[in-house]
Protein chains: 2
Amino acid sequence: MTDTATAALDKVLHLSSLVSTDLTRFEQESGLTVARVHLLWGLGLAGPGTQQSLAVALGVTPRNITGLVNGLVASGHVTREPHPSDRRATLVTPTKLGHRAIRDLRESHIDLAEQLFDHVPAQRLAAFVKTLDETIAIFARLMEEEA
Amino acid sequence: MTDTATAALDKVLHLSSLVSTDLTRFEQESGLTVARVHLLWGLGLAGPGTQQSLAVALGVTPRNITGLVNGLVASGHVTREPHPSDRRATLVTPTKLGHRAIRDLRESHIDLAEQLFDHVPAQRLAAFVKTLDETIAIFARLMEEEA
DNA sequence: TATTGTTATACTCTATAACTATA
DNA sequence: TATAGTTATAGAGTATAACAATA
């Protein structure tokens, strides 16, 4: 059924738009922006990294990372530390404030997930995740073909 | 299970990020930007409208609409037509090129939905949509509470 | 020679505030 | 007085290209 398929895609996009709006609210409370939150989130996942590694992780240019890191340094969320073995590179490192923001992000994320999905029966939630997994795999294949 | 709930949210965001990347590809092919595509999509749904109505539909300021419409006029996708009864207002109206872009967008959207979901058994897809509906409803309620 | 990050420059999206024309 | 849209101004995110320091 194409209709149901389109409805499913529309609803995924709608939910994603709501999550995005919610992230904007987090932004305003924390004084961060979406792009800077993504960078902090990446630091939270992978630990302190070079700007080069952040550029790859976020899929943007190194120049862009320079600007984002400048903003996060100004707001006190990260510092630029010397790389221990490569004097060209810097290690972008969360400060205490940065770690707190990363922790808050994680807690909000988990809290939101619980509020959204804890009411769903386990079996249906498992099927939901399975469908998402399959869909993501199909998508990844489609994008490879086009690349 | 909090773990499963978090996994579900992560996967929804992942899929949404993939769709967003795909939209970027559409952009590059069509010479449009995401914001302008959203405006065109809105015109496709509701028909020609005033800039005020577009500002409300997209959730941005009227000033922002001025800029987006300027861009779409320059690229030949829309024209500003006089409003039949209110000389203050303009009717943003798709050109032939604009209509073609809207049609292409719709076709890509339906095509993508089919490729992503047509393989899912009808019953599981119905359950998938049901879970999305419930989740969207919960989210809407959460955001009202916080507003 | 290749890589890391920055400076220079430019474009898009977004916002607020003040203003003009019209209702 | 209120509304529709624009001009003025500003800031953030993004990109390419040229450059310095280092590998």
Side-chain angles (χ1 to χ4, degrees), chain A residues 17 20-21 23-28 30-43 46 48-75 77-93, chain B residues 17 20-21 23-43 46 48-93:
Chain A
S17 150
S20 173
T21 304
L23 180 60
T24 303
R25 195 178 47 72
F26 180 90
E27 270 186 78
Q28 288 166 346
S30 65
L32 292 163
T33 64
V34 171
R36 292 173 195 176
V37 164
H38 283 162
L39 198 156
L40 273 180
W41 185 262
L43 286 180
T50 64
Q51 299 191 187
Q52 180 62 27
S53 69
L54 288 167
V56 172
L58 272 65
V60 298
T61 60
R63 174 60 185 91
N64 199 342
I65 298 295
T66 299
L68 296 176
V69 171
N70 285 348
L72 286 165
V73 168
S75 62
H77 289 89
V78 305
T79 57
R80 283 187 171 96
E81 302 296 332
H83 189 285
S85 63
D86 186 339
R87 284 196 297 168
R88 295 172 304 180
T90 63
L91 277 184
V92 180
T93 309
Chain B
S17 152
S20 174
T21 303
L23 179 60
T24 302
R25 195 178 47 73
F26 180 89
E27 269 187 81
Q28 288 165 346
E29 287 170 6
S30 66
L32 292 164
T33 63
V34 171
R36 292 173 196 177
V37 164
H38 282 163
L39 197 156
L40 273 180
W41 184 262
L43 286 181
T50 63
Q51 298 191 189
Q52 180 61 30
S53 69
L54 288 167
V56 172
L58 272 65
V60 298
T61 60
R63 174 61 185 90
N64 200 339
I65 299 295
T66 298
L68 297 177
V69 171
N70 285 348
L72 286 166
V73 168
S75 61
H77 289 89
V78 304
T79 56
R80 284 186 170 96
E81 301 297 330
H83 190 285
S85 62
D86 187 340
R87 285 197 298 168
R88 295 172 305 180
T90 63
L91 277 184
V92 180
T93 309

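All values below come from the heavy atoms of this structure, side chains included, with hydrogens, waters and symmetry mates left out. What you see is a predicted model, and the numbers here were worked out from it, not measured in a lab. To find a chain, count down the sequence lines: A is the first, B the second, and so on, and within it residues start at 1.
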Could you give the distance from NE2 (A:H38) to CG (A:L32), rounded to the nearest 0.5 Å? 11.5 Å

Side-chain N,O (B:Q52) to OP1/OP2 (D:dA4) below 4.0 Å: yes

By nearest atom, which of the nucleotides D:dA4, C:dT6, C:dT4 is closest to the A:Q51 side chain? C:dT6

Reported CZ-to-CG distance for the pair A:R63 and A:L68, which is rounded to 0.5 angstrom: 9.5 Å

Extract from the structure each pairing of a protein N or O with an N or O of nucleotides 21-23 of chain D at less than 3.5 Å, listing the distance.
unit_1 : atom_1 : unit_2 : atom_2 : d
D:dA23 : OP1    : A:R87  : N      : 2.9

On a heavy-atom basis, which atom in B:G49 and which in B:L43 lie closest, and how many Å separate them? N-CD2, 4.0 Å

Out of curiosity, B:T90 OG1 to B:E81 CD, how far, rounded to the nearest 0.5 Å? 9.5 Å

Only one of B:N64, B:L58, B:I65 passes side-chain contact (heavy atoms from CB on, under 4.5 Å) with B:T61, and that residue is B:N64

Rounded to the nearest Å, what distance is computed from the CG atom of residue B:L91 to the P atom of nucleotide D:dA4? 13 Å

For A:T33, which contact category applies under a 4.0 Å heavy-atom criterion: base, sugar-phosphate, or nothing? sugar-phosphate

Distance test, side-chain N/O of B:N64 to OP1/OP2 of C:dC13, below 4.0 Å: no

Identify, between B:G49 and A:G67, the residue whose nearest nucleotide on DNA chain D lies closer to the 5' end. B:G49

Looking only at non-hydrogen atoms, find the nearest pair between A:R80 and A:T66 and report the distance. NH2-O, 3.4 Å

Send over the distance from B:E27 CD to C:dC11 C1', rounded to a whole Å. 13 Å

Using heavy atoms and a sub-4.0 Å distance, could you list which residues of residues 56-63 of chain A are near DNA chain D? By number, please. A:V60, A:T61, A:R63

Once you apply a heavy-atom cut-off of 4.0 Å, does B:L68 come out as touching a base, just sugar-phosphate, or nothing? sugar-phosphate

Give the rounded distance in Å between these two atoms: CD of A:Q28 and P of C:dT16. 10 Å

Below the 4.0 Å mark, does D:dG5 have OP1 or OP2 next to a side-chain nitrogen or oxygen of B:T66? no

Taking the side chain as every heavy atom from C-beta outward, state whether A:R36 and A:L40 have any atom pair closer than 4.5 Å. no

How many Å lie between CG on A:L32 and P on D:dA12, as a whole number? 12 Å

When the distance from CD1 of B:I65 to C1' of C:dT14 is rounded to whole Å, what number comes out? 11 Å

Is there a side-chain polar atom (N or O) of A:R36 under 4.0 Å from OP1 or OP2 of D:dG11? no

Output the rounded distance in Å from CG (B:L23) to P (C:dC13). 12 Å

Spacing of OG1 belonging to B:T33 relative to CG belonging to B:L72, to within rounding of 0.5 Å: 7.0 Å

In whole angstrom, give the distance that lies between atom CG of B:N70 and atom P of D:dT6. 7 Å

Can a side-chain donor-acceptor contact be found between A:T50 and A:Q52 if the only test is distance below 3.5 angstrom? no

Can you find a heavy atom in the side chain of B:P84 that is under 4.5 Å from one in the side chain of B:L91? yes

